[in-house]
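In what follows, a structure is listed as structure tokens, so that the remarks can point back to it.
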Amino acid sequence: MAEEQTAGAAAAAGPTGQGCSGQHEVLQAVPAHGPHVLGTHQLPVGAAASQQPSWQQYSSVFTASKAGMQNVDKEKVKRVVFEMSKDSAHFKNEQRKQAQVDARIAQLKAKAASISQAELAAHQKAADAKLAQLEAGRDLSRTWLHADMDAFYASVEELDRPDLKSKPMAVGGMGMITTANYEARKFGVRSAMPGFIARKLCPQLAFVKPDFRKYEAASVATRGVFKVYDPHFEAGSLDEAYLDVTDYCAAHSMTGEQVAAELRAGVEAATRLTCSVGIAPNATLAKVASDLNKPNGQALVVSSREAVMAFVHDLPIRKVPGIGKVSEQTLNALGITTCGQLLQQRGLIAALFSSISARFFLGAGLGLGHTQHGGDRGDEGGAGGGSVVARKGISCERTFANMSSSADMEKMADNLVQHLAADMESEGIESKTLTLKLKTTDFAVRTRAVTLAGHVHTAQQMLPPILKLLRAELPCEIRLMGVRGSALRRLTSAGDALDAAAAGGRLNALQRMILQGRKQQQRGEAVEQQQGEQQDEQHCSMVISYRQLAQDLAIMRGSMPSMKQRLLRCHMTCLMMKTRQVLSAAAMVRLAQMARAH
DNA sequence: GCGGATCAC
DNA sequence: TATGGTGATCCGC
């Protein structure tokens with residue numbers, strides 16, 4: 001989720017690890033830009049793993065300040081996280097990784113020091129040419145919004161449990177927290193934090209198990225609103241979206257800010273959830289801006305070159321989508337902490353980084369970003385799919401209690417492969433390359449891949465090569481196993497038989513849903529009878545929902561049955577949310593009939 | 001094409 | 001009781 005920054009957990013502070021200044025918020029990579037990662041060199045481990053860590057110098061991503069976390073006692077959080085972590089295998093692995101980063105940084109600095117003035121001048125000249133080229137492509141004619149739901153999962157849960165609004169609450173379990181509400185954030189509890197550490201920070205913390213069907217339903221409702229302002233909006237994840245509202249602004253003689261305010265009100269009306277919005281001349285800046293006045297706020301970056309350059313000048317590089325913890329440390333080591341400095345040090349950047357990384361950094365310094373749907377390169381597959389980007393891989397992985405028995409591991413591989421095969425079937429794809437992923441009990445990750453002679457999609461086809469990869473790694477002790485398919489292709493002719501097989505499963509699934517709905521309805525019956533007003537509302541929502549469903553199904557004509565089933569389930573749960581009560585079995589039956597008719 | 005690593009949510 | 005799952009991309013082989 002956008003607002004809930006992923007924090008790869010705690011890391012020991014290296015000499016450059018102090019850089020967590022200011023607020024960090026999440027910045028999701030804009031699809032076509034993709035993450036531009038600094039080069040990864042293979043370096044010996046341990047070069048910089050000298051000093052004994054203590055909590056004072058312990059820099060944890062969990063202490064980075066976020067919306068709603070300004071008054072957190074960061075020293076206390078640091079100390080608690082350190083105390084809870086320091087003896088774990090996970091912590092040891094974090095130290096190992098940090099040592100690698102430190103070594104890489106040292107190498108980079110050495111390289112920087114060896115550059116002559118003449119060389120630097122030449123690189124700067126090349127950078128200036130690149131900057132001029134980027135500048136020439138600057139487009140300030142579009143108005144972009146980035147909408148980001150506030151504490152999304154937690155807020156959805158609070159709809160069902162209003163009593164939790166005033167209490168610290170987290171969605172997740174002892175293993176991992178996905179979202180924390182704002183009450184919990186006051187204690188330093190945040191996403192991507194292990195539950196047992198969160199409980200130490202806040203003993204009264206309420207834990208709620210994630211229910212992704214609810215979040216998906218809420219997400220569908222928000223998308224119904226987004227569609228009004230940009231029918232081609234790009235949903236980054238369940239809780240955020242990019243919208244090009246240029247046409248809407250023109251058609252209604254409105255400013256971007258006015259549209260943003262209207263959109264926020266619309267989302268709240270449809271879902272009783274709040275979101276924050278950024279308004280800017282490109283998608284990247286809109287994303288950065290959506291973070292500035294969170295929660296339930298909006299921020300504008302004016303569409304002029306001067307305003308953009310001013311906005312970006314003092315912006316911490318970490319705020320830029322695609323610059324994460326490691327890139328931040330690396331750039332900090334070169335004396336770069338703001339986007340303005342990315343431009344000042346353009347010669348150094350051109351000299352030290354790959355052409356693609358340098359272009360990305362310079363673009364960030366200029367405040368550039370996507371201004372057209374589907375990415376500025378227009379690289380989407382032209383197969384009539386519109387803005388839907390074909391996936392490159394599909395995977396399934398699981399963490400479990402430490403495992404060393406080869407029999408257990410082969411059983412696990414079998415399970416995962418079956419799961420993957422089912423997912424590939426429902427997606428209608430087959431794969432030529434298979435990858436096995438193992439995480440050993442000391443948290444080191446290994447991947448092993450094979451490319452086969454042809455494409456495969458059944459468990460029977462995929463299990464033997466996966467087992468072969470696995471056996472080559474034995475003996476070992478692991479805590480995670482994963483399987484992945486890549487080099488994908490659409491499942492061809494044979495897929496029709498598959499469709500027919502899936503149809504049987506669909507009916508069963510529908511029947512199950514309807515039965516479940518009946519049970520729930522019985523419980524909610526008393527309420528329903530007392531509140532005729534809500535019934536009217538429900539009826540109204542259902543009419544709308546039928547129309548919507550029909551439209552969506554028309555769009556999906558020819559799709560796999562499983563996709564239609566998923567869509568139907570979405571509509572049902574969405575409707576339940578909108579009416580704030582359980583959908584009647586009769587309503588479900590009618591929805592199901594509509595789905596079948598298509 | 002493979003494996004490690006980074007990034008995002 | 002002890003730190004997730006999915007997808008993408010980049011780099012250097």
Side-chain angles (χ1 to χ4, degrees), chain A residues 1-11 25-43 60-62 81 84-94 97 100-101 104 148-149 152-153 172-179 191-200 210 212 215 235-240 287 318 320-330 353-357 360 389 391-402 419-420 423 432-433 435-437 439 441 443-451 469 479-480 482 484-488:
Chain A
M1 343 196 24
E3 201 216 354
E4 315 302 330
Q5 174 169 16
T6 296
E25 276 289 339
V26 152
L27 309 166
Q28 180 219 10
V30 179
H33 251 140
H36 289 74
V37 180
L38 295 173
T40 59
H41 308 274
Q42 301 300 318
L43 288 173
S60 160
V61 285
F62 298 137
V81 173
M84 298 292 288
S85 301
K86 67 180 197 296
D87 296 324
S88 67
H90 180 263
F91 180 80
K92 234 179 155 54
N93 188 249
E94 289 301 317
K97 289 197 294 187
Q100 278 189 21
V101 170
R104 243 177 56 201
D148 195 333
M149 301 301 293
F152 186 51
Y153 297 173
M174 273 312 133
M176 189 61 68
I177 285 172
T178 69
T179 316
S191 61
M193 178 181 275
F196 67 91
I197 291 181
R199 172 165 281 179
K200 191 84 174 179
F212 287 93
Y215 314 144
S237 62
L238 287 184
D239 81 320
E240 65 177 343
K287 171 147 185 73
R318 186 64 170 82
V320 177
I323 297 183
K325 195 162 93 81
V326 174
S327 299
E328 179 190 30
Q329 286 184 45
T330 307
F353 299 112
S354 72
S355 151
I356 196 157
S357 289
F360 172 68
V389 178
R391 67 156 79 224
K392 302 275 176 69
I394 184 167
S395 66
C396 179
E397 67 186 56
R398 226 172 281 159
T399 295
F400 38 75
N402 288 354
H419 226 283
L420 183 66
D423 287 351
K432 200 164 187 283
T433 300
T435 304
L436 173 74
K437 174 176 168 180
K439 191 189 280 178
T441 51
F443 287 85
V445 174
R446 268 187 247 174
T447 61
R448 297 291 181 263
V450 275
T451 296
L469 292 174
R479 70 188 327 277
L480 172 146
R484 170 182 156 87
S486 54
L488 303 179

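In what follows, every chain begins at residue 1, and chains take the letters A, B, ... in the order their sequences are listed.
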Problem - Interatomic distance, A/M176 CE vs C/dG4 P [rounded to whole Å] - result: 5 Å
Handout entry: Salt bridge present between A/K325 and A/E328 (N-O < 4.0 angstrom)
Key = no
Problem - C1' gap between B/dC7 and C/dG4, integer Å - result: 15 Å
Practice task
Step through the shown structure and confirm whether more than 12 heavy atoms of other residues, nucleotides or ligands are within 6.0 Å of NZ on A/K86.
Solution key: yes
Problem - Euclidean distance, A/D239 CG relative to A/Y215 OH, rounded to 0.5 Å - result: 12.0 Å
Problem - A/R318 side-chain proximity, nearest of C/dT3, B/dA8, B/dC2 - result: B/dA8
Completion exercise
Of the candidates C/dT3, B/dC2, C/dG5, the side chain of A/A449 sits closest to B/dC2
Practice task
Assign A/T451 to base, sugar-phosphate, or nothing according to its heavy-atom contacts below 4.0 angstrom with the strands shown.
Solution key: sugar-phosphate
Exercise for the section: Would you indicate, yes or no, if B/dG1 has its OP1 or OP2 atom less than 4.0 angstrom from a side-chain nitrogen or oxygen of A/R448? Expected result: no
Completion exercise
By nearest-heavy-atom nucleotide on DNA chain C, the more 5' of A/R484 and A/M84 is A/M84
Fill in the blank from the handout: Against the side chain of A/Q100, the closest entry in C/dG5, B/dA5, C/dA2 is B/dA5
Practice task
Identify whether any heavy atom of A/R479 sits under 4.0 Å from a base atom; if not, whether one sits that close to sugar-phosphate; answer base, sugar-phosphate or nothing.
Solution key: sugar-phosphate
Practice task
Name the nucleic acid region contacted by A/T433, choosing base, sugar-phosphate or nothing; use a 4.0 angstrom heavy-atom cut-off, strictly under.
Solution key: sugar-phosphate
Exercise for the section: Could you check whether the rings of A/H90 and A/F443 sit parallel, tilted or perpendicular, using 30° and 60° as the cut-offs? Expected result: perpendicular
Practice task
Identify, between A/G324 and A/K432, the residue whose nearest nucleotide on DNA chain B lies closer to the 5' end.
Solution key: A/K432
Problem - A/I394 CD1 - C/dA8 C1' separation (whole Å) - result: 14 Å
Fill in the blank from the handout: Rounded to whole Å, NZ of A/K437 lies from P of C/dG7 at a distance of 11 Å
Handout entry: Phosphate contact (C/dG7 OP1 or OP2) by A/S395 side-chain N/O below 4.0 Å
Key = yes
Problem - Atom pair distance, as rounded to whole Å: NZ in A/K439 and C1' in C/dT6 - result: 13 Å
Problem - A/I197 side chain, from C-beta outward: closest of C/dG5, B/dG4, C/dT3 - result: C/dT3
Exercise for the section: Output the distance between atom OG (A/S357) and atom CD1 (A/I323), rounded to the nearest 0.5 Å. Expected result: 10.0 Å
Practice task
Consider the side chain of A/R446, meaning its heavy atoms from C-beta on, and name the nucleotide among B/dG4, C/dC11, C/dT3 that approaches it most closely.
Solution key: B/dG4
Practice task
Could you tell me the separation between the CD1 atom of A/I323 and the P atom of B/dC7, rounded to a whole number of Å?
Solution key: 9 Å
Exercise for the section: Classify the side chain of A/S327 and the base of B/dT6 as holding, or not holding, a donor-acceptor pair under 3.5 Å. Expected result: no
Exercise for the section: Indicate whether OP1 or OP2 belonging to C/dC10 is found under 4.0 Å from a side-chain N or O atom of A/S354. Expected result: no
Fill in the blank from the handout: Closest to the side chain of A/K392, out of C/dT9, B/dG3, B/dT6, is C/dT9
Exercise for the section: Select base, sugar-phosphate, or nothing to describe what A/L480 touches, counting heavy atoms under 4.0 Å on all strands. Expected result: sugar-phosphate
Practice task
Please report, rounded to the nearest Å, how far the P atom of B/dG4 is from the CG atom of A/L436.
Solution key: 11 Å
Practice task
Round to a whole Å and report the spacing from CG of A/D423 to P of C/dG5.
Solution key: 14 Å
Problem - Separation of atom CZ in A/R398 from atom C1' in C/dG4, rounded to whole Å - result: 13 Å
Problem - Of the listed nucleotides C/dT3, C/dT6, B/dT6, the one nearest the side chain of A/E397 - result: C/dT6
Practice task
Taking all heavy atoms of A/A449 and all of A/T433, pick out the closest pair and write down the distance.
Solution key: CB-CG2, 4.5 Å
